[in-house]
Amino acid sequence: MSIQQLRYVSEAVERCSYAEAARKLIVSPQTVSKAAASMEKRYGIQLFESDGRGVKPTLLGRKFAEDAKLVVRAYDELNNKYGNSTTFREESTPVTIAIAKSSLRGEACSERLLNDIQQRFSGNVRILRFQSDTCLRAVEDYLADACLIVGSCAQQNYLCEVLGRIRLEALVFESHPENICDQLATGNLESRKIALPEDIRYVPPELKKHFDTHGLPVPQMEQIGSSESDAIEFLREGGVIISAPNCSLEKSNRQIVRTNFLEHCPLYLPICFIRHSSFSSEPLRHVAEFLKSAFAENFSPPCAI
């Protein structure tokens, strides 16, 4: 059992939905459902039951969630008091930055840039690589001082600094009809399934807003696992994967090709540097300034989202 599992279960009970809890906590619905199943197995109780449209908490589930919230609140208060105070941190302590790294993400933050960071700060910066946006949870649990994610974060108690913007691209299977490329360029995607890699958690609302702003029909969006086999199967079935540039999936499979996405109204998403609002240090500010400068030099100027 972990604090995060308790957090997932209590949020799912409050919202009566794995999906809504996942959206709030920036994880996949499967992560929330697994946490619930783990709690049920551990304690031999039923927390949720199916209601035909999804799940709803049992009476015992609601009581469990109330107790879980007390534990989570106490944990957060303890961390807020001691875990992120500059009073208890030596300035010489290396800054730790978490990033998401997977084959589907693309190079929102390249290895070259990460190496430049470590060389620039002479070993005073540690990079932690995580699968999917568990890098944000690393900040929540004080395993990292800050993290880099694609998309903005408006969660309470966090500072979200936009470093730059990156244009999203589309991956398709080359054996499909050529009209897929035309559909992707014009935004006429009502008949296509658009997959967003598990590690780009903040894309859906901004993608929907972009389509609405330009008067385009919002496509059917879903999330897929971060494994290459899941991605390839999805693409074979005619799906489209939206990714940052230089996705390694394209490099490892010659049947997968990259094409323009919304050619006349391209979608740029922010790359953000996130940290606790109550924690600050001179080294962390220097790293943020260095990253902002690096992104300004290496990425295209943004268009309106």
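Atoms considered below: every heavy atom in the structure, side chains included; atoms not considered: hydrogens, waters and symmetry mates. No experiment lies behind these values; they were computed from the predicted model shown.
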Name every donor-acceptor pair, under 3.5 Å, that has one atom in a side chain of residues 58-67 and the other anywhere in the protein, sequence neighbours excluded.
from, atom 1, to, atom 2, distance (Å)
T58, OG1, Q46, O, 2.7
T58, OG1, L47, O, 3.4
T58, OG1, G61, N, 2.9

Does R126, at its CZ atom, have more than 12 non-hydrogen atoms belonging to other residues, nucleotides or ligands within less than 6.0 Å?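 No, not enclosed.
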Let me confirm one number: the [atom1]-[atom2] distance from [X] to [Y], rounded to the nearest 0.5 Å.
{"X": "E11", "Y": "S17", "atom1": "CD", "atom2": "OG", "answer": "10.5 Å"}
{"X": "F273", "Y": "E289", "atom1": "CZ", "atom2": "CD", "answer": "10.5 Å"}
{"X": "L113", "Y": "I127", "atom1": "CG", "atom2": "CD1", "answer": "8.5 Å"}
{"X": "L6", "Y": "M39", "atom1": "CG", "atom2": "CE", "answer": "6.0 Å"}
{"X": "C272", "Y": "L159", "atom1": "SG", "atom2": "CG", "answer": "11.5 Å"}

Taking all atoms of both residues into account, what is the closest heavy-atom pair of A21 and V32, and its distance? CB-CG1, 4.3 Å
Determine, stepwise, if the pair V172 / I256 fulfils side-chain contact (heavy atoms from CB on, under 4.5 Å). CA-CA 6 Å; V172 298; I256 296 173; over 6 Å; no
Aromatic contact, Y18 with Y8 (centres under 6.0 Å):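 Aromatic pair excluded; centres sit 6.0 Å or further apart.
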With a 4.5 Å cut-off on side-chain heavy atoms, are [Y] and [X] touching?
{"X": "V13", "Y": "F48", "answer": "yes"}
{"X": "L291", "Y": "I117", "answer": "yes"}
{"X": "T96", "Y": "L128", "answer": "yes"}
{"X": "N124", "Y": "V95", "answer": "no"}
{"X": "D145", "Y": "I97", "answer": "no"}
{"X": "R120", "Y": "H286", "answer": "no"}
{"X": "E233", "Y": "R236", "answer": "no"}

Could you list the residues that satisfy salt bridge (charged side-chain N to carboxylate O under 4.0 Å, His left out) with K34, not counting sequence neighbours?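 Salt bridge (charged side-chain N to carboxylate O under 4.0 Å, His left out) list for K34, sorted by chain: empty.
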Does the side-chain contact (heavy atoms from CB on, under 4.5 Å) test come out yes or no for V162 and I271, once each step is laid out? CA-CA 6 Å; V162 177; I271 300 175; over 6 Å; no
Pair R275 + E161: basic N to acidic O under 4.0 Å: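 Between E161 and R275 there is no salt bridge, as every charged N stays at least 4.0 Å from the carboxylate O atoms.
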Assigning hydrophobic clusters by single linkage (Ile, Leu, Val, Met, Phe, Trp, Tyr; side-chain heavy-atom cutoff under 4.5 Å), is V71 placed with I45? yes
Set out, in order, the CA-CA distance, both residues' side-chain angles and the distance that settles side-chain contact (heavy atoms from CB on, under 4.5 Å) for S38 and Q5, then state yes or no. CA-CA 8 Å; S38 176; Q5 287 178 319; 3.6 Å; yes
Main-chain N/O of R7 paired with S10 side-chain donor or acceptor, under 3.5 Å: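 Yes; at least one donor-acceptor contact below 3.5 Å.
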Would you check, one step at a time, whether the test side-chain contact (heavy atoms from CB on, under 4.5 Å) holds for L163 with L148? CA-CA 9 Å; L163 302 176; L148 286 173; 3.2 Å; yes
